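It should be emphasised that the depicted structure is a prediction, and the values quoted were computed from it without experimental measurement.
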Amino acid sequence: MSSPTPDALLGPADVRELAAALGVRPTKQRGQNFVIDANTVRRIVRTAEVRPDDVVVEVGPGLGSLTLALLEAADRVTAVEIDDVLAGALPATVAARMPERADRFALVHSDAMHVAGLPGPAPTALVANLPYNVAVPVLLHMLDTFPSIERTLVMVQAEVADRLAAGPGSKVYGVPSVKANWYAEVKRAGSIGRNVFWPAPNVDSGLVSLVRRTEPLKTTASKAEVFAVVDAAFAQRRKTLRAALAGWAGSAAAAEAALVGAGVSPQARGEALTVEEFARIAEHKNQG
């Protein structure tokens, strides 16, 4: 592998020049904040532990700051971009700045929420600066659609990072925490300041690492059945599970039977339960 030229990565002036040439103004609607700091994208790649044999999928590559850093480290990179102008421009940016790696890059012009397949070898890692407004659904969709993804590192709004990595009993533990934990071991992997973005967002960002479970969760309930319990439990998070799950189970008595059968107190609240406990409740629906 020939090493890329030192200036292959995008700096602040490069990002602004590219954006100006394309007539791109970052939009709030798509949650676009472009990374303008080469050290930050290299740090993300390092934290993601990208290996030379990795096939990385990146969601929302924007102008290509992180894409180029990923191409330095991985075997190949597939970027999924919804924006017409950005999707049209990225292959040319890669070809111009990293010609020796251009054949290792593929672009999928699509909404990541609807991607069902990717060209080339199956992805082994997901590394992305996810748009704030769709971070959780995109992350869960990608983990669900591509079981070959072993390691994930996403940059999201700090508050979302806290929620994803929260454990039972935490104030911010909720639906994203439990669903992410269905797939992976989840932890916070660092913080990112506002000044590395253009435009600078009015919130801080955080890195979240997700390492896929080597063995899927042991349960006879399907993912859909378990997620239905999770959604019901947190839809009314202040209520006891006996009350919160009454609609899901058909009645409060049926909810209580499922909870007792699963070894969970009917007086407990959703925020106290692990994903394994939610799975047990799903298994005991209608068994009372």
Sorted by chain and number, sequence neighbours left out, side-chain contact (heavy atoms from CB on, under 4.5 Å) with Arg237 holds for Phe234, Glu271
Applied to residues 125-152, the salt bridge (Lys or Arg N to Asp or Glu O under 4.0 Å) test, sequence neighbours excluded, yields Arg51-Glu150, Asp54-Arg151, Asp144-Lys223
Are the side chains of Thr124 and Asp75 in touch, meaning some heavy atoms are under 4.5 Å apart? no
**Prompt:** For the hydrophobic clusters of this structure (ILVMFWY residues joined by side-chain heavy atoms under 4.5 Å, transitively), does one cluster hold both Val264 and Leu245?
**Reply:** yes
- Candidate pair Val229 and Glu225, rule side chain to side chain contact (heavy atoms under 4.5 Å, CB included), full reasoning: CA-CA 7 Å; Val229 185; Glu225 288 166 337; over 6 Å; no
Quick check against the 3.5 Å criterion: does Ser265 have a side-chain atom that pairs as donor or acceptor with the backbone of Gln267?
yes
Quick note, salt bridge (Lys or Arg N to Asp or Glu O under 4.0 Å) partners involving residues 205-218, not counting sequence neighbours, are Arg213-Glu276
From the list Thr145, Thr78, Leu118, side chain to side chain contact (heavy atoms under 4.5 Å, CB included) partner of Pro123 resolves to Leu118
With the 4.5 Å side-chain cut-off for hydrophobic clustering, are Val175 and Leu241 part of the same group? yes
Nearest heavy-atom approach of Val24 to Trp198 is O-CH2, 4.5 Å
For Ala246, the side-chain contact (heavy atoms from CB on, under 4.5 Å) test, sequence neighbours excluded, returns Ala252
Closest non-hydrogen contact found for Ala166 with Val172 is CB-CG2, 3.8 Å
Across all chains, not counting sequence neighbours, the side-chain contact (heavy atoms from CB on, under 4.5 Å) partners of Ile192 are Thr40, Arg43, Met155, Val196, Phe197, Ser205, Leu207
List the steps and the verdict of side chain to side chain contact (heavy atoms under 4.5 Å, CB included) for Val127 and Val45. CA-CA 8 Å; Val127 185; Val45 172; 5.6 Å; no
N/O donor to acceptor pairs below 3.5 angstrom from side-chain atoms of residues 56-70, sequence neighbours left out:
residue, atom, partner, partner atom, Å
Glu58, OE1, Thr67, OG1, 2.6
Ser65, OG, Val35, O, 2.7

CZ of Arg42 to CG of Asn39, rounded to nearest 0.5 Å, is 7.5 Å
### Query
Do the side chains of Val211 and Tyr183 join up, straight or via other hydrophobic residues, at under 4.5 Å, putting them in one cluster?
no
In short, salt bridge (Lys or Arg N to Asp or Glu O under 4.0 Å) pairs touching residues 175-184 with sequence neighbours left out are Lys179-Asp231
Sequence neighbours excluded, the answer for side-chain contact (heavy atoms from CB on, under 4.5 Å) partners of Ala279 is Leu217, Thr219, Val226
So the side-chain hydrogen bond (donor to acceptor under 3.5 Å, both in side chains) pairs with at least one residue in residues 247-263 (sequence neighbours excluded) are Arg242-Glu256
* Start with the C-alpha gap between Val208 and Lys187, add the side-chain angles, then the distance that decides, and say whether side chain to side chain contact (heavy atoms under 4.5 Å, CB included) holds. => CA-CA 6 Å; Val208 182; Lys187 63 173 206 254; over 6 Å; no
When every non-hydrogen atom of Ala165 is compared with those of Val186, the smallest separation belongs to CA-CG1, 3.9 Å
Between Leu71 and Met98 the two heavy atoms that sit nearest each other are CB-SD, 3.7 Å
| Does the side chain to side chain contact (heavy atoms under 4.5 Å, CB included) test come out yes or no for Arg76 and Phe105, once each step is laid out? | CA-CA 6 Å; Arg76 44 183 70 238; Phe105 173 73; over 6 Å; no
Check your understanding: Would you say the side chain of Leu126 lies within less than 4.5 Å of the side chain of Leu139, judging by non-hydrogen atoms?
Key -> yes
Side chain His141, main chain Val115, donor-acceptor under 3.5 Å = yes
*Taking His284 for the side chain and Arg280 for the main chain, is one N or O donor matched with an acceptor at less than 3.5 Å?*
yes
Scanning both residues in full, the closest heavy-atom pair of Ala95 with Ala102 reads CA-CB, 4.1 Å
Query raised in the report: Do Pro12 and Asp37 have side-chain heavy atoms sitting under 4.5 Å apart?
Result: no
Side chains of Leu10 and Ile36, heavy atoms from C-beta outward: is any pair under 4.5 Å? no
From the list Leu143, Ile149, Leu164, side chain to side chain contact (heavy atoms under 4.5 Å, CB included) with Leu210 holds only for Leu143
Checklist entry - Between Arg101 and Glu72, is there a side-chain N and carboxylate O pair less than 4.0 Å apart? => result no
For residues 161-173, the side-chain hydrogen bond (donor to acceptor under 3.5 Å, both in side chains) pairs (sequence neighbours left out) are Glu159-Arg163, Asp162-Arg188
Minimal heavy-atom distance between Val55 and Ala122, with the atoms involved, is CB-O, 3.7 Å
Applying ring pair (Phe, Tyr, Trp, His ring centres under 6.0 Å) to Phe227 and not counting sequence neighbours gives Trp182
Quick note, salt bridge (Lys or Arg N to Asp or Glu O under 4.0 Å) partners involving residues 200-209, not counting sequence neighbours, are Arg194-Asp204
Check for me, please, whether Val85 and Leu18 land in the same ILVMFWY cluster - side-chain distances under 4.5 Å, paths through other members count. yes
Could you check if a side-chain atom of Thr47 sits within less than 4.5 angstrom of a side-chain atom of Ser209, using non-hydrogen atoms only?
no
